[in-house]
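As the structure lists them, so they are numbered: ligands from 1, and atoms in each ligand from 1. Here the structure is a predicted model, which means the values were calculated and not measured.
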Amino acid sequence: MRKSFVAGNWKMNTDSRSSVELAKAVVAGSAGLAREKVTVAVIPPFVYLPAVVQAVSSSGVAVGAQDVYFEPKGAFTGEISPGMLKDVGCTYVLCGHSERRHVIGESDELVGKKVTVAIGGGLLPILCVGELLEERDAGKTEQVVARHLKTGLAGLSAEKVAAVTIAYEPVWAIGTGRTATPQQAQEVHAFIRKLLAQMYDANLAREMCIQYGGSVKADNAKELMAQEDVDGLLVGGASLKAEEFVRIIQAAA
Ligand code: PGA
């Protein structure tokens, strides 16, 4: 049985006070939920990581970072290394979020390097994959997702890939209020799992967690999670409201 995994990507939101308040509210709201059923993570901006790690300490709620650089240290002004993230208590790290790919301009190859060094540094990467609206309309969804998956996992052994969570996030559904239908999500999730089975092996593909992301809300979480290959949710906007995020976690548990 794959365990559900719900992560809240706060993006460039919150401040020093509200980040801690939100983290504590997530801890309080998810306290009664069986940890063996659902993994919960919050993903604050870099600067609030230490405070949020402290706010969730010994609660079972994990903390992730929104990005990472592929070098361990040195003259890379503005970047953050896997070792630094580990040092402040991060467990997870997003790699290749669509805003990094399409707003900041990260290449597929750069994303792949980040996944590799994140694993090497003892972090658990969440590799985000997903097509633009024009790519979907042109019938290229599978082609784009396959490219993101292959370049994102390039050079990794099956043993290492087991540390990765895949997040399918159709770009047209992110922050737009236009969620993929459960059927659309399931179709792509099944495709991803089939591809993982071809790239590695069927057992590994069966075990891997594939999250859906893109306008997830308390109201649609249950239906998305009911799909066979949807194992978790990567939540943006709705993760900034503690009560709504907790309802999403409950739906996934
Ligand atoms: P959203 O963002 O839930 O606000 O659509 C999801 C994401 O970008 O991870």
If you count the atoms of ligand 1 from 1 in the order shown, which ones are under 4.0 Å from a heavy atom of [X]?
X      : answer
Asn9   : 9 (O)
Leu234 : 9 (O)
His97  : 7 (C), 8 (O), 9 (O)
Gly175 : 1 (P), 4 (O), 5 (O)

Looking only at distances, can you tell me whether any N or O atom of [X], backbone or side chain, sits closer than 3.5 Å to an N or O atom of ligand 1?
X      : result
Glu169 : yes
Gly214 : no
Val235 : no
Ala238 : no

In terms of heavy-atom contacts, Ala253 and Leu33 come closest through CB-CD2, 4.0 Å

Which atom of Thr179 lies closest to which atom of Gly214, heavy atoms considered
CG2-O, 3.4 Å

Considering heavy atoms of the protein only, find what lies nearest to atom 4 (O) of ligand 1 and give residue, atom and distance to 0.1 Å.
Gly237 N, 2.8 Å

How far is atom 3 (O) of ligand 1 from the closest protein heavy atom, and which atom is that?
Gly236 N, 2.8 Å

Heavy-atom contact under 4.0 Å between Ala173 and ligand 1?
yes

Quick check on Lys11 - does any of its heavy atoms sit under 4.0 Å from an atom of ligand 1?
yes

Assess the side chains of [X] and [Y]: does a donor N or O sit below 3.5 Å from an acceptor N or O?
X      : Y      : result
Trp172 : Glu134 : no
Ser4   : Lys37  : no
Tyr92  : Gln66  : no

Would you kindly confirm whether Ile119 and Ile126 end up in one hydrophobic cluster when ILVMFWY residues are joined by side chain heavy atoms under 4.5 Å apart?
no

Phe70 six-ring face occupied by Lys113 cation (under 6.0 Å, within 45°)
yes

So, applying side-chain hydrogen bond (donor to acceptor under 3.5 Å, both in side chains) with Asp231, which one of Lys3, Gln211, Arg193, His189 is it?
Arg193

